[in-house]
Amino acid sequence: MCGIVGYIGSKPANHVIINGLKKLEYRGYDSVGVALVNEDKTEIEIFKDKGRILDLEIQIDKNIKSHFAIGHTRWATHGEPNKVNSHPHMSNSGRVVVVHNGVIENYNQIKKEKLKGYNFVSETDTEVVANLIELYSKIMPMDEAILAATAHLKGSYALLVLDKMDLNKLYFIKNKAPLLIGQKDDEIIIASDIVALVGYTDKYMYLEDMTFGIVMDDKIILKDFYGKELSSKMVQLQISCEEIEKGNYEHFMLKEINEQPTVIRKLIYNYTDNEKYEIDKNLIKEIKKADKLYIVACGSSLYAGYIAKYYFEKILNISIELCIASEAAYLLPKLSKKPFFIFISQSGETADCIKVLKNIKDKKIKTLAITNNIDSTMIRLSDYNLNLYAGKEIAVASTKAYLAQVTLMYILASSIAKTDIKCVKKKLNIVAMAIEDVLGNREYIRDISRKMIDSETVFYIGRGLDYYVSLEAALKLKEISYIHAEGYASGELKHGSIALVNEDVPVVAIITNKETELITRSNLIETTSRKAIGITIVLEEFANEEDDMVLSNVDGDLSPLVTSVVCQLLAYYVSLYKGNDIDKPKNLAKSVTVE
Ligand code: M6R
């Protein structure tokens with residue numbers, strides 16, 4: 001949530017910052033701003049506004065020559081998205097200029113107790129930080145002033161700070177919000193996500209919490225919050241430009257949907273070899289020792305958790321409790337004698353999950369983080385980790401990461417159970433081919449999606465695994481098409497919500513289980529008898545002529561990997577017809593780093 005980027009180097013800084021912000025836009029996109037330091041290093045010019053980067057780009061004065069700048073793309077937390085609340089924010093005298101990612105929880109208290117007499121133009125928590133730093137800078141050097149101000153901050157922050165009285169230095173400070181720094185020769189770039197570094201540096205380091213730093217020319221000084229110098233080690237950047245570009249696709253979401261067969265094959269490649277599973281033996285021992293597993297996640301990752309619960313219970317016969325992270329953060333379920341916690345998160349930065357993870361870590365309970373970001377906070381905090389290998393997911397709506405989560409949980413459960421590896425690989429390869437069939441039929445799915453575009457409500461129904469996919473399908477449709485949708489256990493609809501069904505309501509039935517096929521079909525008929533628009537997604541083995549979308553047969557347990565792709569495409573095409581901004585849906589951000 002919110003993206004920040006800073007640059008010092010030989011290139012025109014506004015280009016680097018604008019380029020970086022475009023790549024970070026998935027983190028928040030309701031307003032944007034940059035601060036350019038002029039070539040003489042005497043002035044700071046700020047350009048900011050509500051809206052997208054492309055709109056701001058044309059407002060930036062091209063005559064300003066700058067090799068040092070900072071920028072910000074915002075997902076509003078404090079104060080509505082407007083020009084005044086956009087970052088960068090300036091202190092009262094104009095000396096301190098900051099951009100911020102995170103939330104300062106006690107900003108009101110600081111305002112009242114420390115900053116009496118200061119004038120605030122915005123509603124943001126960030127302006128408080130700028131003024132607090134200014135307050136201390138009146139009596140001590142800037143580096144000490146920043147640390148003194150930081151001592152009062154409660155919450156999460158990655159901050160870049162400019163001091164108008166010494167524009168040779170870029171200060172930064174990081175706690176509980178991601179920040180990375182990259183360097184190539186005399187160029188230094190600092191940003192919320194590695195994507196902003198691609199094309200500028202080939203080495204980078206992830207900054208730990210409670211790091212304070214100064215960039216000066218080509219030098220980076222790192223300290224902890226007590227002023228002790230920290231050593232730094234850059235690692236090779238392993239992400240290519242193609243990975244973060246749309247290529248020939250109209251949207252990242254469509255590109256990412258299309259990458260899913262490859263994601264499955266990459267997971268097979270990374271977690272198995274010919275004869276054996278390639279998963280940390282100690283992790284497996286630890287899970288086997290547990291008497292109960294707890295899965296913690298949010299959003300799509302939580303829905304992947306539902307399917308993971310099914311796999312673990314079925315394949316390993318161990319009980320699993322699924323926890324909504326934001327609930328478990330304040331009300332932890334009753335713990336078993338030998339619990340083990342699994343955190344599932346695409347970003348590895350989700351604040352709700354991190355809160356629970358820290359709590360569990362304090363209780364000395366062992367943890368596993370499954371993420372798509374090897375530099376993430378959750379990977380650092382957990383005892384064990386597994387990489388999703390999905391490649392950078394840029395569209396806000398999760399597709400390939402969700403699919404990778406489900407696939408990886410299946411491989412993990414199978415490896416613990418020592419299920420015949422050849423059989424597991426074969427089943428997954430069949431799934432990858434079945435997804436390719438779906439992708440090949442996408443124009444057909446586009447036609448089906450027309451039945452949904454004018455609706456105000458859509459139901460997805462199914463039983464067992466099909467119900468779990470329904471939950472994810474409804475979330476996908478809601479977030480990018482803005483149509484109200486619900487995923488329902490098909491037998492549950494008649495217990496109340498069927499009252500909402502009428503001739504304008506599509507009901508999408510997902511049917512992949514022989515045992516429940518007929519009863520789910522009956523539940524669908526209950527709705528079409530009330531004039532609902534029935535749509536069926538069915539495995540070939542029990543399909544009939546009237547079914548809308550017939551899928552190649554796959555192992556029943558793995559059907560979510562195929563049915564979910566159909567639902568992703570349905571959501572995508574509905575949104576395309578509606579002309580929505582598919583990759584950046586309103587009110588959302590990719591990485592939810594606030595509670
Ligand atoms: O990064 P995470 O997987 O922890 O994120 C969790 C949710 O915020 C995320 O899945 C969200 O629901 C997606 N936008 C769904 O498409």
Side-chain angles (χ1 to χ4, degrees), residues 1-2 25-29 75 177-178 192-193 195 251-254 256-257 260 295-308 322-329 341-357 367-379 381-382 385-388 390-406 408-409 460 468-482 485 487 564-565 567-572 575 580-595:
M1 290 196 147
C2 298
E25 212 177 21
Y26 73 90
R27 301 179 64 84
Y29 34 82
W75 186 85
S192 308
D193 190 313
V195 289
H251 297 99
F252 278 108
M253 184 176 176
L254 190 59
E256 289 157 8
I257 290 173
Q260 294 180 111
I295 292 181
V296 182
C298 312
S300 290
S301 301
L302 180 71
Y303 296 143
Y306 275 78
I307 299 171
L322 197 61
C323 312
I324 301 173
S326 54
E327 287 296 304
F341 270 72
I342 301 176
F343 293 81
I344 308 179
S345 168
Q346 185 282 130
S347 61
E349 295 294 347
T350 303
D352 296 321
C353 290
I354 291 172
K355 176 133 187 166
V356 185
L357 178 48
T367 55
L368 160 67
I370 296 182
T371 88
N372 200 29
N373 176 4
I374 49 162
D375 280 319
S376 62
T377 306
M378 283 166 68
I379 293 254
L381 289 174
S382 55
N385 63 74
L386 292 173
N387 185 353
L388 288 168
K392 189 79 196 165
E393 189 178 69
I394 292 180
V396 165
S398 184
T399 53
K400 62 176 181 173
Y402 165 84
L403 178 118
Q405 290 163 346
V406 174
L408 181 50
M409 292 308 270
Y460 289 86
Y468 305 149
V469 173
S470 299
L471 296 170
E472 168 61 5
L475 178 66
K476 215 81 311 166
L477 188 72
K478 273 184 279 205
E479 63 180 337
I480 60 171
S481 76
Y482 318 139
S564 60
V565 178
C567 297
Q568 292 164 358
L569 284 166
L570 276 177
Y572 175 81
S575 316
N580 293 350
D581 191 346
I582 294 180
D583 288 336
K584 299 187 188 83
K586 65 180 180 194
N587 302 340
L588 303 185
K590 182 77 185 159
S591 171
V592 186
T593 53
V594 293
E595 269 191 67

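One-based numbering, in listed order, for ligands and for the atoms of each.
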Nearest heavy-atom neighbours spanning [X] and [Y]:
{"X": "Ala328", "Y": "Cys323", "answer": "CB-CB, 4.0 Å"}
{"X": "Gly348", "Y": "Ile354", "answer": "O-CD1, 4.1 Å"}
{"X": "Ser300", "Y": "Gln405", "answer": "O-OE1, 4.2 Å"}

Heavy-atom nearest neighbour in the protein, as seen from [atom], with distance rounded to 0.1 Å:
{"atom": "atom 8 (O) of ligand 1", "result": "Val592 CG2, 3.8 Å"}
{"atom": "atom 14 (N) of ligand 1", "result": "Glu479 OE1, 2.9 Å"}
{"atom": "atom 1 (O) of ligand 1", "result": "Ser347 OG, 2.6 Å"}

Looking at [X] and [Y], would you say the former's side chain and the latter's main chain have a donor-acceptor pair under 3.5 Å?
{"X": "Lys400", "Y": "Lys392", "value": "yes"}
{"X": "Asn580", "Y": "Pro585", "value": "no"}
{"X": "Asn372", "Y": "Ala390", "value": "yes"}
{"X": "Asp583", "Y": "Phe252", "value": "yes"}

Residue [X] vicinity, atoms of ligand 1 by number, heavy atom under 4.0 Å:
{"X": "Val396", "result": "13 (C), 14 (N), 16 (O)"}
{"X": "Ala397", "result": "16 (O)"}
{"X": "Ser300", "result": "10 (O), 12 (O), 15 (C), 16 (O)"}
{"X": "Lys476", "result": "15 (C), 16 (O)"}
{"X": "Thr350", "result": "1 (O), 2 (P), 4 (O), 5 (O)"}
{"X": "Ser398", "result": "15 (C), 16 (O)"}

Distance under 6.0 Å and angle within 45° of the ring axis: does Lys586 meet both against Tyr482?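 Lys586 over Tyr482 ring: yes.
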Worked check of side-chain contact (heavy atoms from CB on, under 4.5 Å) between Tyr306 and Leu471: CA-CA 10 Å; Tyr306 275 78; Leu471 296 170; 4.0 Å; yes
Can a non-hydrogen atom of Ser591 be found less than 4.0 Å from any atom of ligand 1?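 No.
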Does Glu349 come within less than 4.0 Å of ligand 1, judged by its heavy atoms?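 It does not, in that no heavy atom of Glu349 comes within the 4.0 Å cut-off of ligand 1.
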Shortest reach to atom 3 (O) of ligand 1 by a heavy atom, considering only Cys298, Ser301, Ala297, Pro585: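 Ranked by closest heavy atom to atom 3 (O) of ligand 1, first place is Ser301.
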Regarding ligand 1, does Ser345 bring an N or O atom to under 3.5 Å of one of the ligand's N or O atoms?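 There is such a contact, yes.
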